[in-house]
Participant: 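Got a structure here, written out as structure tokens. Questions coming.
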Amino acid sequence: MSNEPAAASSILPGFTYLGQFISHDIVPNTTSSSHSRENISPLLMLNSVYGDDGMDSTAQGEKIFAGGLFILGPECVAQNDRFDLFRKNGRVIIPEIRNAENIIISQFHLFWQKLHNTIFKKYFSIFPPYRRVEEETIFELTKSIVIKIFQQVVLDDFLYEVLDDEIFQLYSFGTNHHEFKTGPYILNSLDDTFIPKEFSHAVFRFGHSLIRGEYKLNKTNTFNLVDLLTQSNDHGNHITKKHEIDWNFFFGINAKDQPAFKIDLEIVDVMKSLRGIFDDGSSQVKSIIELNLMAAEIAQLPSGWSLIQHIKENIEPFKSLKSLNDKYYLAPKSNPFEKAIPCVKDLPLWLYILLEAKEHNKGHKLGKLGSIVVAEVIYQGIKFAPISVLKAKTQNQNLIIPLEAQLNTMRRIKKDQVGDLSSSNKIKLDLLNSHNPFKELLLKYKRFTMMDVITFYENYKD
């Protein structure tokens, strides 16, 4: 596949890797044997960044927090000017090693760490020494805020960008409360122990078709995908100044100059020759196409055609759901199978999702079936999370005033430091509300975008 302008979609390039970041948070490793977290939940809680044990979290036996702040690296660089993840002996020290698979995804991980550190220092600094709350209380508050900000970005920005418009509206995304109108429809038994294989082994892999052959990371440095993959942050290659992402090239004013490729049956050439050690024990070059189709076969997934027919026959709101023409013919030149597929009924689920996006939305968004599965998994992964932006009546209330309840339930304040507990609670609540750097952001924007969060981080960082 060549990098032709005609292959460009309306999707900004940052959403390719935001999707990968979401996947690493909730989807177990299904392609390679590289180290990953043991207990991966479909609840979207940023456990890939925070780990499972709060301030006591470790990665590879090393602490990842010091004084309530993420440890960043390298050690020789000033804390406020670090471009790299924390590492020891060249190996990254983070809970989810897949977040070091390439230079771009590493910096997504690093951004949420830096956002945490910025908010933590902001909140911690507003209490004079004689009214200092315990470090762990501020840590938990900061973590809660960061998780909810992340969830709001996923709902308002990621899903808005990739879902079919009709399905997006059907699920009421884009409103303050983000409640299903009459659903959920399909995945209403989701719990915290599994994620539907239709999502993990096929549908959410639509992002592989979005990948470009090269990316401009900042004003002066452009890298081809091979360099970004082979200089993986997990192979002792430190992120340097030349690798530092200017987020305007991924979500901002310059992002439209390098849009993601369309969601269709085209896959950039470098993704057809991946190197690594895979779950079947082999280490030869493999195509992402081969890996995706093999994963679906092992999981015994239904075909796209059979899944959408089941939905149409059994779920009332989707009785008239648009499916692909069963006479659709795929010639070898137009599909990654490199062989003729007689009709769409024979398409594996992943390929159906890609073709559906092409036919329904010209590759600029997912089609109907793909959008339904993504909407339900992501929505429920947020709704049922212990920390959830969907558990308050409005997004503003939930993000702005979580402290009072936390102080009352956690009881982590030392009375000899702050005096009377009940009066100090009100003081702290008033202080935090008046100093909340995201209050203006929440009240200003109807949609809550990744670029909004990046802009506020840049304004409030040290």
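This is a predicted model, so every value here is computed, not measured. Residues: numbered from 1 along the sequence shown.
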Participant: With sequence neighbours left out, what residues match Ser10 under side-chain contact (heavy atoms from CB on, under 4.5 Å)?
Facilitator: His364
Participant: Is Glu101 salt-bridged to Arg98, going by a charged N under 4.0 Å from an acidic O?
Facilitator: no
Participant: Is there a side-chain contact between Pro386 and Leu43, using heavy atoms and a 4.5 Å cut-off?
Facilitator: yes
Participant: Determine whether Asp157 and Thr449 satisfy the following criterion, side chain to side chain donor-acceptor pair (under 3.5 Å), listing intermediate values before the conclusion.
Facilitator: CA-CA 5 Å; Asp157 209 14; Thr449 71; 4.5 Å; no
Participant: For the pair Phe251 and Phe108, name the ring-plane relationship: parallel under 30°, tilted 30 to 60°, perpendicular over 60°.
Facilitator: perpendicular
Participant: Measuring from Phe120:CZ to Leu141:CG, what's the distance to the nearest 0.5 Å?
Facilitator: 10.0 Å
Participant: Side-chain contact, heavy-atom cut-off 4.5 Å: Leu225 with Met271?
Facilitator: yes
Participant: Of all heavy-atom pairs between Leu44 and Ala385, which one has the smallest distance, and what is that distance?
Facilitator: O-CB, 4.3 Å
Participant: Exactly one of Leu366, Ile263, Asn292 should register a side-chain contact (heavy atoms from CB on, under 4.5 Å) with Leu354. Which one does?
Facilitator: Ile263
Participant: Given salt bridge (charged side-chain N to carboxylate O under 4.0 Å, His left out), test Lys365 with Asp165 step by step and report yes or no.
Facilitator: CA-CA 8 Å; Lys365 291 177 179 285; Asp165 291 338; 3.7 Å; yes
Participant: On a heavy-atom basis, which atom in Val146 and which in Trp112 lie closest, and how many Å separate them?
Facilitator: CG1-CE3, 3.9 Å
Participant: Counting N and O atoms only, with roles assigned by atom type, does the side chain of Gln151 sit under 3.5 Å from a partner on the main chain of Val389, one being a donor and the other an acceptor?
Facilitator: yes
Participant: Let me confirm one number: the CD-CG distance from Gln152 to Asp452, rounded to the nearest 0.5 Å.
Facilitator: 11.0 Å
Participant: Would you check if the distance from the ring center of Phe168 to the ring center of Tyr160 is below 6.0 Å?
Facilitator: yes
Participant: Using a 3.5 Å distance criterion without hydrogens, assess whether the side chain of Glu214 forms a donor-acceptor pair with backbone atoms of Thr222.
Facilitator: no
Participant: Counting only heavy atoms from other residues, nucleotides and ligands, does the tally under 6.0 Å from CD of Glu166 exceed 12?
Facilitator: no
Participant: Consider side-chain contact (heavy atoms from CB on, under 4.5 Å). Of Leu217, Ile454, Leu110, which one does Ile245 pass it with?
Facilitator: Leu217
Participant: If you draw a 6.0 Å radius around CD in Glu458, do more than 12 non-hydrogen atoms from other residues or ligands fall strictly inside?
Facilitator: yes
Participant: Ser388 side chain to Phe384 main-chain N or O, any donor-acceptor pair under 3.5 Å?
Facilitator: no
Participant: Is the shortest heavy-atom distance from the side chain of Ile94 to the side chain of Ser48 under 4.5 Å?
Facilitator: no
Participant: Counting C-beta onward and ignoring hydrogens, is there a side-chain heavy-atom pair between Trp350 and Ile289 closer than 4.5 Å?
Facilitator: yes
Participant: Looking at every heavy atom in both Asp25 and Leu46, which two are closest together, and how far apart are they?
Facilitator: OD2-N, 3.0 Å
Participant: Could you tell me whether a side-chain N or O of Ser23 sits under 3.5 Å from a main-chain N or O of Gly19, the two making a donor and an acceptor?
Facilitator: no
Participant: In the structure I gave you, are the side-chain heavy atoms of Ile105 and Phe21 within less than 4.5 Å of one another anywhere?
Facilitator: yes
Participant: Might you point out which heavy atoms bring Gln107 and Glu244 nearest each other, and give the distance in Å?
Facilitator: OE1-CA, 3.3 Å
Participant: Test side chain to side chain contact (heavy atoms under 4.5 Å, CB included) on Leu18 and Phe150; report intermediate values, then the result.
Facilitator: CA-CA 10 Å; Leu18 181 55; Phe150 173 65; 4.2 Å; yes
Participant: Can you see which heavy atom on Lys219 is nearest to which on Lys216, and at what distance?
Facilitator: O-NZ, 2.9 Å
Participant: Between the main-chain N or O of Pro259 and the side-chain N or O of Arg212, is there a donor-acceptor pair closer than 3.5 Å?
Facilitator: yes
Participant: Please report the C-alpha distance between Met451 and Asn248 in whole Å, then the side-chain angles of each, then the deciding distance to 0.1 Å, and finally whether the side chain to side chain contact (heavy atoms under 4.5 Å, CB included) criterion is met.
Facilitator: CA-CA 8 Å; Met451 199 63 211; Asn248 280 304; 3.3 Å; yes
Participant: Should the ring pair Phe65 and Tyr50 be called parallel, tilted or perpendicular, given that the plane angle runs from 0 to 90° and is split at 30 and 60?
Facilitator: parallel
Participant: Any chance you could measure Leu307, atom CG, to Leu301, atom CG, to the nearest 0.5 Å?
Facilitator: 9.5 Å
Participant: Sort out for me which residue in Phe111, Tyr457, Phe139 forms a ring-ring contact (aromatic ring centres under 6.0 Å, His included) with His116.
Facilitator: Phe139
Participant: Could you tell me whether a side-chain N or O of Ser200 sits under 3.5 Å from a main-chain N or O of Val27, the two making a donor and an acceptor?
Facilitator: no
Participant: Are side-chain heavy atoms of Asp84 and His243 found at a separation under 4.5 Å?
Facilitator: no
Participant: Using a 3.5 Å distance criterion without hydrogens, assess whether the side chain of Gln60 forms a donor-acceptor pair with backbone atoms of Val92.
Facilitator: yes
Participant: Is it the case that the side chain of Ser57 and the backbone of Asp53 share a donor-acceptor pair, with hydrogens and angles ignored and the cut-off at 3.5 Å?
Facilitator: yes
Participant: Verify side chain to side chain contact (heavy atoms under 4.5 Å, CB included) between Leu85 and Gln113, making sure each step is shown before the conclusion.
Facilitator: CA-CA 9 Å; Leu85 297 168; Gln113 290 182 316; 3.4 Å; yes
Participant: Atom OG1 of Thr142 and atom CG of Asn117: how far apart are they, to the nearest 0.5 Å?
Facilitator: 9.0 Å
Participant: Within the supplied structure, the quantity of interest is the number of heavy atoms (other residues, nucleotides, ligands) at a distance under 6.0 Å from Lys197 NZ; does it exceed 12?
Facilitator: no
Participant: So, Asn218 side chain and Lys242 main chain: donor-acceptor pair closer than 3.5 Å or not?
Facilitator: yes
Participant: Are the aromatic rings of Tyr17 and Tyr215 close, with centres under 6.0 Å apart?
Facilitator: yes
Participant: Please walk me through it: do Phe199 and Val374 pass side chain to side chain contact (heavy atoms under 4.5 Å, CB included)?
Facilitator: CA-CA 7 Å; Phe199 177 90; Val374 170; 4.3 Å; yes
Participant: Any donor and acceptor pair, going by atom type alone, linking the side chain of Glu136 with main-chain N or O of Gly54 inside 3.5 Å?
Facilitator: no
Participant: What orientation do Phe250 and Trp247 show, parallel under 30°, tilted 30 to 60°, or perpendicular over 60°?
Facilitator: perpendicular
Participant: Which heavy atom of Ile147 sits nearest a heavy atom of Met45, and at what distance?
Facilitator: CD1-O, 3.4 Å
Participant: Would you give the length of the straight line joining atom CG of Leu228 to atom CD1 of Ile103, rounded to the nearest 0.5 angstrom?
Facilitator: 7.0 Å
Participant: Report the distance from atom CG of Asp56 to atom CD1 of Ile64, rounding to the nearest 0.5 Å.
Facilitator: 10.5 Å
